[in-house]
*Asks:* 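A single structure is presented below for examination.
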Amino acid sequence: MPLVGGRSGLVLFVTAAVLVATTAPACSAAHNITAILSGHRDLSEFSRELTATGLADDINGRNTITVLAVDDAHMAPLKARGLPRGTLRHVLSLHVLVDYYDDAKLHGLPGGSADVSTLFQASGDAPGSAGMVEIADRRGGCVAFAPQDTGDARGTAVFYVKAVHQAPYNISVLEVSGVMSSPEAEAPSSSPEPTSRLDFSDVMSKNGCGRFAGLIAATAGASAAFDKHTRDGFTLFCPADKAVQAFEPTFEKLRAGARLAVVLYHGALGHYSPQALRAGHDDLATLASDDAGTTVGFAVHSAGGKVTLVSATHNAARVTRTLADADPVAVYMIDAVLVPFSSTANASSPPDLGPSESDGRSGRNDGGDGRQTSGSPPGWPLRGWVASALVFTTLLAAFASG
């Protein structure tokens with residue numbers, strides 16, 4: 001092949017390669033606060049409350065944001081106060097600045113200080129200057145954050161500890177030394193606390209989860225436990241009728257306390273929207289507890305937009321449908337019953353929880369239709385195949401002309 005032909009082919013190949021790159025899907029600039037915090041176990045309670053109060057969705061929906069994260073030790077006193085959900089949301093929204101601040105920007109403030117708006121201010125719930133936070137670079141390199149209240153009063157200051165995550169001009173997560181609050185953030189709401197009017201039993205009965213609704217009604221203490229958490233919010237994962245039908249022989253052999261634990265194990269503490277659920281979590285706490293009174297949970301795995309729950313006994317269930325999402329309650333259908341304990345120790349006669357051909361089998365890897373629940377990467381988009389075809393055609397033309 002003449003040299004000129006080879007050069008032409010090379011030019012055409014590079015051009016085609018550039019076209020492939022430009023037609024490939026662009027990386028999204030969106031961020032995921034729960035995914036960012038998931039790698040920091042000492043911030044797990046802060047992450048959990050961001051999700052439970054709905055702030056995680058608000059954070060993920062903004063292009064430029066700074067989150068002042070608080071570790072578990074300093075979150076504990078706030079949780080112990082038992083603030084209403086709306087009040088807790090206001091307090092935590094003081095920790096979300098609607099501007100980007102990283103380590104360098106904190107130590108280079110013009111004049112040494114800045115007043116920044118927060119999500120509390122942006123929500124419209126904060127009167128006057130309440131919801132503003134003053135950032136001050138003090139002597140010795142300490143950076144303080146102090147909420148403003150009506151009349152420019154300052155709340156208790158907290159201090160910058162370290163940078164947790166920084167994606168310039170998109171999202172910054174900074175750890176601070178404690179929880180900020182103010183009288184305005186904790187003031188009683190002018191409107192009553194929202195309560196769910198969602199009849200979750202009716203939702204289940206009308207959408208293929210009637211058998212599980214029946215288990216809740218027939219299990220002593222189950223309905224009362226769900227009703228108790230309606231105000232604070234919960235997320236219900238109801239197994240489809242086919243899965244419950246397969247599990248019922250095992251369920252009937254369980255002791256009363258074990259039956260209650262199985263039913264309550266399908267209710268996660270806090271409201272999780274579909275977006276928050278797809279964000280993935282190390283684990284979700286549930287309404288169930290073990291013999292020692294310790295709350296038990298299950299792991300959440302998200303891949304390719306599919307969400308899979310893995311119980312303490314390693315049986316898996318895939319989320320197949322969203323039945324209702326009416327904050328503070330969400331209801332999802334799953335394709336298997338989740339079991340939080342070894343059934344042998346909780347049955348009057350040892351039942352068999354081994355694999356079966358039913359949808360309710362333990363350790364099932366598919367969702368009842370043969371598809372894997374582990375979540376395989378999505379196929380290459382159509383435009384990727386078109387670009388590949390363009391490369392192939394261009395190369396053929398190059399060699400032909402040579």
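For clarity, every value in this text was computed on a predicted model and none was experimentally measured. Numbering of residues begins at 1 and proceeds along the displayed sequence.
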*Asks:* Just grab all the ring pair (Phe, Tyr, Trp, His ring centres under 6.0 Å) pairs involving residues 203-241, residues at least two apart or on different chains.
*Replies:*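 Non-adjacent pairs meeting ring pair (Phe, Tyr, Trp, His ring centres under 6.0 Å): Phe200-Phe226, Phe200-Phe234, Phe212-His266, Phe226-Phe234, Phe237-Phe298, Phe237-Tyr332.
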
*Asks:* Please check: side-chain N/O of His107 versus main-chain N/O of Asp103, any donor-acceptor pairing under 3.5 Å?
*Replies:*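 Side chain of His107 to backbone of Asp103, a donor-acceptor pair under 3.5 Å: yes, one is there.
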
*Asks:* Taking the side chain as every heavy atom from C-beta outward, state whether Leu97 and Val133 have any pair of such atoms under 4.5 Å apart.
*Replies:*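 Leu97 reaches Val133 side chain to side chain.
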
*Asks:* Kindly say whether Asn315 contributes a backbone atom to a donor-acceptor pair with the side chain of Ser311 at under 3.5 angstrom?
*Replies:*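 Such a contact is found between Ser311 side chain and Asn315 backbone.
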
*Asks:* Taking only residues two or more places apart in sequence or in another chain, which ones pass side chain to side chain donor-acceptor pair (under 3.5 Å) with Asp99?
*Replies:*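 Not a single residue meets the side chain to side chain donor-acceptor pair (under 3.5 Å) criterion with Asp99.
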
*Asks:* Looking at Arg259 and Glu252, is any side-chain nitrogen of the basic one under 4.0 Å from a carboxylate oxygen of the acidic one?
*Replies:*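 No.
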
*Asks:* Looking at every heavy atom in both Asp335 and Ala243, which two are closest together, and how far apart are they?
*Replies:*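 Of all heavy-atom pairs spanning Asp335 and Ala243, the closest is O-CB, 3.6 Å.
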
*Asks:* Using modelled atom types and a 3.5 Å cut-off, is there a donor and acceptor pairing between side-chain atoms of Asn207 and backbone atoms of Leu323?
*Replies:*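 The answer is no, because no donor-acceptor pair under 3.5 Å joins these two groups.
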
*Asks:* Between Arg81 and Glu186 (salt bridge meaning N to carboxylate O under 4.0 Å), is one present in this structure?
*Replies:*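 Counted as a salt bridge, because a side-chain N and a carboxylate O are separated by less than 4.0 Å.
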
*Asks:* Could you please spell out the steps behind the side chain to side chain donor-acceptor pair (under 3.5 Å) verdict for Ser44 and Asp42?
*Replies:* CA-CA 6 Å; Ser44 60; Asp42 58 331; over 6 Å; no

*Asks:* Roughly how far, to the nearest 0.5 Å, is CD1 of Ile36 from NE2 of His165?
*Replies:*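 The distance works out to 4.0 Å.
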
*Asks:* Rounded to the nearest 0.5 Å, how far apart are CD of Gln121 and CG of Leu94?
*Replies:*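 CG of Leu94 is found 10.0 Å from CD of Gln121.
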
*Asks:* Does the Lys105 side chain pair with the main chain of Tyr100, one donor and one acceptor, at a distance under 3.5 Å?
*Replies:*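 Such a contact is found between Lys105 side chain and Tyr100 backbone.
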
*Asks:* Under the 3.5 angstrom rule, does the side chain of Asp241 hit a backbone N or O of Arg211 as a donor-acceptor pair?
*Replies:*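 At least one qualifying donor-acceptor pair exists.
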
*Asks:* Mind telling me whether His95 and Phe46 have parallel, tilted or perpendicular rings, with 30° and 60° as the class edges?
*Replies:*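 Plane angle over 60°, so perpendicular.
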
*Asks:* Please find the pair of heavy atoms, one from Leu92 and one from Leu55, that lie closest to each other, and give the distance.
*Replies:*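 Closest approach of Leu92 to Leu55: CB-CD1, 3.5 Å.
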
*Asks:* Quick one about Asn60 and His31 (side-chain donor to acceptor, distance below 3.5 Å, no hydrogens or angles considered), yes or no?
*Replies:*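 Absent: no donor and acceptor within the cut-off.
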
*Asks:* Kindly say whether Arg278 contributes a backbone atom to a donor-acceptor pair with the side chain of Ser302 at under 3.5 angstrom?
*Replies:*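 Checked: pair present.
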
*Asks:* Does Ser177 offer a backbone N or O that forms a donor-acceptor pair with the side chain of His74 under 3.5 Å?
*Replies:*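 Checking the backbone N and O of Ser177 against the side chain of His74, a donor-acceptor pair under 3.5 Å is found.
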
*Asks:* Between Thr219 and Leu260 (side chain of the first, backbone of the second, donor and acceptor by atom type, cut-off under 3.5 Å), is there such a pair?
*Replies:*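 A pair under 3.5 Å: no.
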
*Asks:* Report the distance from atom SG of Cys209 to atom CZ of Arg321, rounding to the nearest 0.5 Å.
*Replies:*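 So the SG of Cys209 and the CZ of Arg321 are separated by 8.0 Å.
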
*Asks:* Would a distance-only check, ignoring hydrogens and angles, find a side-chain to backbone donor-acceptor pair under 3.5 Å from Asp102 to Ser172?
*Replies:*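 Not a single qualifying donor-acceptor pair exists.
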
*Asks:* Can you tell me how far CG of Asn170 sits from CZ of Arg62, rounded to the nearest 0.5 angstrom?
*Replies:*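 With rounding to 0.5 Å, CZ (Arg62) is 13.0 Å from CG (Asn170).
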
*Asks:* Ignoring hydrogens and geometry, is there a side-chain-to-backbone donor-acceptor pair from Tyr160 to Ala163 under 3.5 Å?
*Replies:*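 A pair under 3.5 Å: yes.
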
*Asks:* Within this structure, what is the OG1-CG distance for the pair Thr235 and Leu284, rounded to the nearest 0.5 Å?
*Replies:*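 Going from OG1 on Thr235 over to CG on Leu284, the span is 7.5 Å.
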
*Asks:* Between Arg89 and Asp58, does any NZ, NE, NH1 or NH2 come within less than 4.0 Å of an OD or OE carboxylate oxygen?
*Replies:*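 Result for this pair is yes, salt bridge flagged.
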
*Asks:* Locate the shortest heavy-atom distance separating Leu338 from Val262; write the atom from each residue and the value.
*Replies:*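 Nearest heavy atoms, Leu338 then Val262: O-CG1, 4.1 Å.
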
